[in-house]
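Let me begin by presenting the structure, written as structure tokens, before commenting on it.
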Amino acid sequence: MTGPVPPAAAPDGSGTPDAPRRLRSHQWYGSGVSSGLRSFSHRARTRQLGYLPEEHLGKPVIAILNTWSDINPCHVHLRDRAQAVKRGVWQAGGFPLEFPVSTLSETFQKPTPMLYRNLLAMETEELLRSYPVDGAVLMGGCDKSTPALLMGAASVGLPAVFVPAGPMLPGHWRNEVLGSGTDMWKYWDDKRAGLIGDCEMTELESGLARSPGHCMTMGTASTLTAAAEALGVTVPGASSIPAVDSGHDRMAAASGLRIVELVREDRRLSDILTQEAFEDAVTTVLGLGGSTNAVIHLIAMAGRAGARLTLDDFDRIARTVPVLANVRPGGRTYLMEDFHFAGGLPGFLSRITDLLHLDRPTVSHDTLREQLAGARVHDDEVIRTRENPVADEGGVAVLRGNLCPDGAVIKHIAAEPHLLRHTGPAVVFDDYRTMQRTINDPDLGITADTVLVLRNSGPKGGPGMPEYGMLPIPDHLLKQGVRDMVRISDARMSGTSYGACVLHVAPESYVGGPLALVRTGDTITLDVGARTLRLDVDDAELERRRAGWTAPPERYGRGYGALYSEQITQADTGCDFAFLARPGQVPDPYAG
């Protein structure tokens with residue numbers, strides 16, 4: 001096509017040539033041949049991509065940030081879902097552009113994708129800031145991708161919609177329905193106890209994860225996508241649609257339609273991610289019996305959005321909300337597909353409306369109240385009533401004491417009740433490799449009353465705070481029928497895990513936190529009811545030990561790891577980078 005560029009239609013379809021000036025992308029594209037050399041160049045290069053001027057000029061430019069990868073089974077279907085998002089954007093009169101961004105595969109990335117959450121957040125922020133983008137669709141779902149994408153987008157503040165990857169289909173083995181992760185831990189312990197053998201484990205390998213999508217338990221992925229829906233950044237009901245359900249394709253297209261409308265309404269992510277929204281997300285996570293990882297991620301996300309969450313907020317809210325989702329591992333029976341068809345998150349939220357801020361906006365409605373109108377529960381066993389909860393209080397407790405002055409957390413609804421108040425002697429491991437090598441050593445004298453302690457596994461010590469917190473029970477105890485013990489670490493654990501695991505001890509041992517001072521044989525007392533965790537050693541002795549403590553050498557001499565080590569904050573403040581978490585303005589680039 002040659003000749004002058006035709007006048008661009010307005011975003012609202014009015015045909016007024018000057019209307020596109022309201023769009024951020026207009027800074028790049030201008031409105032005609034007289035608009036300047038840079039605008040001329042940008043239009044020419046867009047034609048180089050094969051687009052006609054009337055396909056994009058004057059239309060909202062929508063970035064689709066896609067975490068698809070061949071190595072990420074949780075996201076392997078997102079390449080197809082991006083096409084559905086594009087379909088919705090085109091139908092609404094927008095112009096979609098797909099951007100590949102880092103994939104954070106919980107399954108394969110080592111030492112842990114938590115090490116790279118902030119890297120994806122930076123990538124998200126800088127891509128949206130540096131390109132001619134008016135709004136964004138964020139595609140993710142595997143554990144760290146949801147907070148990373150939302151942290152980066154919140155730092156920019158453009159209109160945005162999140163598209164969850166969706167849970168995989170339920171697993172199957174013989175006559176049993178399997179939950180990924182949760183049943184992996186269970187049957188691996190059965191194998192170590194001699195109850196099943198290699199043949200059964202081979203069958204389990206083929207039945208545990210049988211479709212694209214993230215874990216179908218209420219693990220970290222489902223917890224965080226539910227939190228995103230509770231925050232109001234997805235279309236209603238999006239977080240529980242199974243990844244391979246045709247409804248997931250329709251949800252993706254609806255998200256593409258909606259983002260164009262949000263740009264025209266100028267409804268930005270900063271309008272959605274309010275203090276009230278984050279409090280409701282905490283309420284949701286606790287009422288779902290969700291993953292302890294949500295504590296770290298929601299604190300970090302809130303900080304990026306200019307809101308404030310602390311561990312005390314989680315503990316305060318936990319005392320007011322019952323657990324109503326009977327979904328493994330906090331529940332005992334059902335999986336995410338059951339939850340979805342029982343009413344999904346809208347149905348769940350309809351049962352706790354008195355605990356929510358109903359007059360705040362979402363990406364789809366002017367108020368959450370409007371969004372939940374008509375929401376219903378179709379199965380009272382999957383989503384319990386308030387009169388018949390899974391647990392009377394939220395599924396996570398925050399602990400304090402001389403062993404965790406800045407806090408620690410425990411998912412107490414997934415622990416054996418008799419361990420929620422426990423005193424026992426410590427057996428200490430200085431790192432995860434040593435623990436793996438020696439946990440079955442009979443000379444350690446580990447009994448069912450022992451408190452297993454793992455240190456140097458926090459944000460800096462891990463590095464990246466790996467999911468080491470569900471420490472393995474020694475083989476000889478498994479053979480005696482022991483399936484839970486008190487375990488304490490500065491690590492995290494998978495949201496699919498279970499047990500009396502005290503996690504996120506802050507400050508971590510690697511920087512000299514009290515966990516660094518524990519010695520094998522010391523007595524430790526856990527009291528979840530009192531919210532305390534105490535090392536039963538007098539203060540004078542602890543000070544003597546502290547005086548003799550030597551900081552370990554830095555793990556990284558250069559590269560991203562060195563940046564990470566310099567900037568990472570502790571678990572109680574969200575493990576964000578200090579230079580990203582602090583307030584301050586970042587100007588839009590000059591595009592002329």
Side-chain angles (χ1 to χ4, degrees), residues 64-69 72-75 77-78 81 85 101-107 109 112-125 128 136-155 160-168 212-235 237-241 243 248 251-252 255 269 272-273 277-278 280-282 284-285 288 290-305 309 336 345 362-363 467 492 494-496 574-576:
I64 302 171
L65 271 56
N66 194 348
T67 52
W68 167 87
S69 169
N72 193 337
C74 305
H75 295 177
H77 59 303
L78 291 186
R81 293 299 176 273
V85 174
V101 293
S102 300
T103 194
L104 303 182
S105 174
E106 197 66 37
T107 308
Q109 193 168 28
T112 167
M114 184 64 178
L115 186 68
Y116 301 102
R117 184 200 68 181
N118 297 341
L119 183 63
L120 175 55
M122 284 196 295
E123 182 180 20
T124 298
E125 176 178 354
L128 295 181
V137 174
L138 314 169
M139 304 186 70
C142 192
D143 297 9
K144 312 307 176 295
S145 62
T146 299
L149 291 165
L150 288 171
M151 287 164 66
S155 298
V161 175
F162 183 74
V163 171
M168 69 177 86
H214 57 66
C215 291
M216 77 306 252
T217 54
M218 191 57 73
T220 303
S222 290
T223 300
L224 266 294
T225 56
E229 184 174 340
L231 285 168
V233 297
T234 77
V235 297
S239 63
S240 61
I241 304 172
H248 198 269
M251 177 272 294
S255 300
L269 204 54
I272 307 298
L273 296 180
F278 279 103
D280 287 351
V282 173
T284 299
V285 164
L288 291 171
S291 169
T292 51
N293 286 307
V295 178
I296 292 174
H297 296 314
L298 282 171
I299 287 174
M301 291 158 63
R304 293 293 193 95
L309 284 181
M336 286 304 297
L345 199 72
T362 70
V363 295
E467 293 182 341
R492 298 175 301 109
S494 167
T496 66
C575 296
D576 201 357

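The NE2 atom of His297 sits 10.0 Å away from the OG1 atom of Thr223 when rounded to the nearest 0.5 Å. The distance from the CG atom of Leu224 to the CZ atom of Phe162 is 8.5 Å, given to the nearest 0.5 Å. Taken to the nearest 0.5 Å, the NE2 atom of His248 stands 6.5 Å off from the CD1 atom of Ile241. For the atom pair Leu138 CG and Ile64 CD1, the distance stands at 10.5 Å (nearest 0.5 Å). Atom CG of Asn72 is separated from atom NE2 of His214 by 11.0 Å, given to the nearest 0.5 angstrom. Separation of atoms NE2 (His75) and CZ (Arg81) is listed at 12.5 Å; rounding is to 0.5 Å.
You'll find the side chain of Cys74 stays beyond 4.5 Å of the side chain of Ser105, heavy atoms only. Two residues are said to be in side-chain contact when any heavy atoms from C-beta on lie closer than 4.5 Å; Met139 and Ser255 fail this criterion. A heavy-atom distance below 4.5 Å is found between the side chains of Asp576 and Asn118.
Across all non-hydrogen atoms, the minimal contact from Ser145 to Leu120 is CA-CD2, 4.1 Å. The two residues Arg304 and Ser155 make their nearest non-hydrogen contact at NH1-OG, 2.9 Å. Between Thr124 and Ala148, the shortest heavy-atom distance links the atoms OG1-O, 4.4 Å. The two residues Asn66 and Leu78 make their nearest non-hydrogen contact at ND2-O, 3.1 Å. Between Leu150 and Ala228 the shortest heavy-atom distance is CD1-CB, 4.1 Å. The nearest pair of heavy atoms linking Ala136 to Leu128 is CB-CD2, 3.7 Å.
Every residue was checked against the salt bridge (charged side-chain N to carboxylate O under 4.0 Å, His left out) condition with Glu229, not counting sequence neighbours, and none meets it. By the salt bridge (charged side-chain N to carboxylate O under 4.0 Å, His left out) test, Arg117 pairs with no residue at all, sequence neighbours left out.
A donor-acceptor pair shorter than 3.5 Å can be found between the side chains of Thr496 and Ser494. Under the 3.5 Å distance criterion, with hydrogens and angles disregarded, no donor-acceptor pair is assigned to the side chains of Thr220 and Arg492.
Between the side chain of Glu123 and the backbone N or O of Ser102 there is at least one donor-acceptor pair closer than 3.5 Å. A donor-acceptor pair is defined here as one N or O able to donate and one able to accept, closer than 3.5 Å; no such pair exists between the side chain of Ser291 and the backbone of Ala221. Between the side chain of Thr225 and the backbone N or O of Ser222, at least one donor-acceptor pair lies under 3.5 Å.
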*Check against side chain to side chain contact (heavy atoms under 4.5 Å, CB included), Phe278 and Leu231*: CA-CA 6 Å; Phe278 279 103; Leu231 285 168; 3.7 Å; yes
*asked:* One pair to check against side chain to side chain contact (heavy atoms under 4.5 Å, CB included): Leu119 and Leu104. What are the steps and the verdict?
replied: CA-CA 10 Å; Leu119 183 63; Leu104 303 182; over 6 Å; no
_Test side chain to side chain contact (heavy atoms under 4.5 Å, CB included) applied to Asp143 and Glu467, step by step_ = CA-CA 12 Å; Asp143 297 9; Glu467 293 182 341; 3.8 Å; yes
*In sequence, state the C-alpha distance, the side-chain angles, and the governing distance for Lys144 and Gln109, and then conclude on side chain to side chain contact (heavy atoms under 4.5 Å, CB included).*
CA-CA 11 Å; Lys144 312 307 176 295; Gln109 193 168 28; over 6 Å; no
